[in-house]
> 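Handing you a structure now.
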2 protein chains.
Amino acid sequence: MAGRATIAQVAEEAGVSAMTVSNVINGKPGASEETRRRVMEVAARLGYRPNVSARNLKAGRSGLIGLIALDLTSQYGLEILRGVADELASAEQELLVNATYHDAVREKDRIEFLARGLVDGVLMIAPVLEDETVELLRRQKLPCVIIDPRRLDVPLPRLSVDNYHGMRQGTQHLIDLGHTRIAYLRGEEDLESTSIRFQGFEDAMRLAGLEVDERLVASCDFSYACGFRTTARLIDDHSPTAIVAGADLMALGAVDAARARGLNVPTDFSVVGFDDLPQAAQSFPGLTTVRQPLHDMGQKAARALLSLIEGQRLLMEHMEVGTELVVRNSTAPPPRDGAA
Amino acid sequence: MAGRATIAQVAEEAGVSAMTVSNVINGKPGASEETRRRVMEVAARLGYRPNVSARNLKAGRSGLIGLIALDLTSQYGLEILRGVADELASAEQELLVNATYHDAVREKDRIEFLARGLVDGVLMIAPVLEDETVELLRRQKLPCVIIDPRRLDVPLPRLSVDNYHGMRQGTQHLIDLGHTRIAYLRGEEDLESTSIRFQGFEDAMRLAGLEVDERLVASCDFSYACGFRTTARLIDDHSPTAIVAGADLMALGAVDAARARGLNVPTDFSVVGFDDLPQAAQSFPGLTTVRQPLHDMGQKAARALLSLIEGQRLLMEHMEVGTELVVRNSTAPPPRDGAA
DNA sequence: CTGTTAGCGCCTTCAT
DNA sequence: ATGAAGGCGCTAACAG
């Protein structure tokens, strides 16, 4: 559609062969200064641009990386996306973005489509990844890296976060402040990380000699709305003095729920999140949370994918990155009377 | 790299010609049930997928649409992106995402790169778009549509929002509630929309017989942080009872600034935003704001681009969509004593 | 119903 | 230093 002119036209117009035009355009040696100049002049005049499909067909690669994200609206995926984009920028690879909207069928379709030679490799964020899809990826020998896998044992290269220690540290922070009645908001149950984070919470509690009260534990879908609703209920029914959420969005909902119940955060009620989304810093009070290095994760995964594409083998199939507690203003010692 | 099996291999293995395989795969008529079955069986066994590059080469298109966004983190652009992606999904076009990070040079580079035939068309969100770049797009006859142009008179197909009436309506809402000392947060000054929205604010005030106090008007960069800072200052110095912000992020900052000053929103201080980002609904109190139909805008722009690509002329070069006031809980009548 | 021919635009190989 | 031939994988258009 664009770049009408073809290499043949330029060749004709410049009075040389297509081959020479190709060499000149690609800066290959073997063309006199004179010819070079003439070809460039004609190419510019005709607005010639090499056709990408043709080039790809010939080269057997596309210069494209596919990213399969769950959702294009969650900051979580977008921070990763930024990291990926930053890394790819210096590698002359373009990014093809896809969202599955949490639909396994759509996910499979997209991967299948991308695997038709459209992309040189695929990056997936928390994909559902049915066995059949894994099989497809392996059969097609399509390089791929999974970021934040749902199950840690998928037989594909993957990058995950140290959820266990992250959550243990976040919980410990509340314990250190003196909290004992700590509620916990689990995330979606089909993510292995939800259980692992909870494990970190439990262990931190146990090691501090604290009881994990099951009535203070609830599950949510990672959303603000559910965090709000659930926390409001928890406060009404069981008066915890603090809550740990398996994701920042839920934590933000928890903060507002406490506020809606007339509690001051953090003096009456403390909240700890997980992720450190941009919104965690941009809220009032600033959210204390366990930081996942999302941008770094994107970069790291992209880098791994690029080496796979270049045919190198990865040092390790399963990469893991650490977390970091970011203390802001949503946490403080519990109120004196012990309950909210 | 991927898609090992080619049509020729399938043909050979199935004992038919490549043409027949093609027809079967594409569901074209003219193939006996028997042949069809055999071909399908072999194709499945070999894991055959038509190569996209080859197909596009043949078809004279790339199947790719480029999206030039300012930023991959702002919800504003992402809501539009979602609309675009949804529309493209049914058009067999993939989306190539690019961020310029507000850098005019980078923007030009990216457009130039895409214009090399990589994509069939380009969508741009609030691009800086120097004259030279416009010239390039025209010369290459690269179909493009601009969403939310910085200047309304760019000579390219574009889609903008009725900023004037939107802001007038948002302001009127506060006036109707009884506010008179209304502050205003302008957005970035190099967007024409910033002036147009302000115009709507001014006119609403004037028509209600209210003074626009210049000391209550300030400029910001669309960010939460600046909205917070500036509103805090405005409240300290001039005690308005309400504020209108040219964007939701600034409005969210304003809400938290008021809160930080000990004011209750909305009973002591009202806030009106502009955009209706997802966060506007997901905050406490819910933000009253002027809704831009971002998702629709993305769809509409994508649809326009697709018809341009198909060679159709657009009915109008400049499309405009309307806004809608969304009343939530950040606005209420001013406090009795008249000042904050 | 099925196969042959031809060519999309480019570039690798091998001559000249 | 330059060019001719051929093919990447696919599919119109036209045979048969």
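Residue numbers start from 1 in every chain, and the chains themselves are labelled A, B, ... in the order their sequence lines are given, proteins ahead of strands. The model shown is predicted, which means the values in this text are computed figures rather than measured ones.
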> Answer with base, sugar-phosphate or nothing: what part of the nucleic acid does B/S53 contact at a heavy-atom distance below 4.0 Å?
nothing
> With A/D86, which residues qualify under side-chain hydrogen bond (donor to acceptor under 3.5 Å, both in side chains), at least two apart?
A/H295, B/Y101
> Which residues pass the side-chain hydrogen bond (donor to acceptor under 3.5 Å, both in side chains) test with A/S62, not counting sequence neighbours?
A/D120
> How does protein reach along nucleotides 11-16 of chain D, written 5' to 3' as B (base within reach of a heavy atom under 4.0 Å), S (only sugar-phosphate), or - (no contact)?
BBB---
> At how many degrees, to 10°, do the end axes of the helix from C/dC1-D/dG16 to C/dT16-D/dA1 meet when each uses five pairs?
40°
> Return the value, rounded to whole Å, for the distance between atom CG of B/L57 and atom P of D/dG7.
16 Å
> Taking 4.0 Å as the cut-off, does a side-chain nitrogen or oxygen of A/S17 come that near to OP1 or OP2 on D/dA4?
no
> Please list, chain by chain and in numerical order, all residues satisfying side-chain hydrogen bond (donor to acceptor under 3.5 Å, both in side chains) with B/T20, sequence neighbours excluded.
B/S17
> Between C/dT2 atom C1' and B/E34 atom CD, what is the distance in whole Å?
14 Å
> Give a yes/no answer on whether the side chain of B/T35 brings an N or O atom under 4.0 Å of OP1 or OP2 in C/dC1.
no
> Measure the distance from CG on A/N56 to P on C/dC8 and round it to the nearest whole Å.
18 Å
> Pairs in or reaching into residues 8-23 of chain A: which pass salt bridge (Lys or Arg N to Asp or Glu O under 4.0 Å), with residues at least two apart or in two chains?
A/E13-A/R45
> Under 3.5 Å, which protein N or O atoms sit close to an N or O of nucleotides 14-16 of chain C? Give each pair with its distance.
none

> Would you please name every residue forming a salt bridge (charged side-chain N to carboxylate O under 4.0 Å, His left out) with B/R150, sequence neighbours left out?
B/D190
> Sequence neighbours left out, what pairs pass side-chain hydrogen bond (donor to acceptor under 3.5 Å, both in side chains) with at least one residue falling in residues 151-160 of chain A?
A/S160-A/H318
> Taking CZ from A/R49 and P from C/dC10, how many angstroms apart are they, rounded to a whole number?
13 Å
> What is the distance, to the nearest angstrom, from the CZ atom on A/R61 to the P atom on C/dC10?
17 Å
> Which residues satisfy the salt bridge (charged side-chain N to carboxylate O under 4.0 Å, His left out) test with A/R82, sequence neighbours excluded?
A/E79
> Only counting residues at least two apart or in another chain, list the ones meeting side-chain hydrogen bond (donor to acceptor under 3.5 Å, both in side chains) with A/N56.
none
> Taking only residues two or more places apart in sequence, or in another chain, which ones meet B/E34 in a salt bridge (charged side-chain N to carboxylate O under 4.0 Å, His left out)?
B/R37, B/R38
> With the side chain of A/T20 defined as its heavy atoms from C-beta on, choose the nearest nucleotide among D/dG3, C/dT2, C/dG9.
D/dG3
> Would A/K108 and A/E130 pass as an ion pair if we require N to O under 4.0 Å?
no
> Would B/R110 and A/E94 pass as an ion pair if we require N to O under 4.0 Å?
yes
> Please report the distance, rounded to the nearest Å, between CD in B/E12 and P in D/dG9.
14 Å
> Between atom CG in A/N51 and atom C1' in D/dC8, what is the gap in whole Å?
13 Å
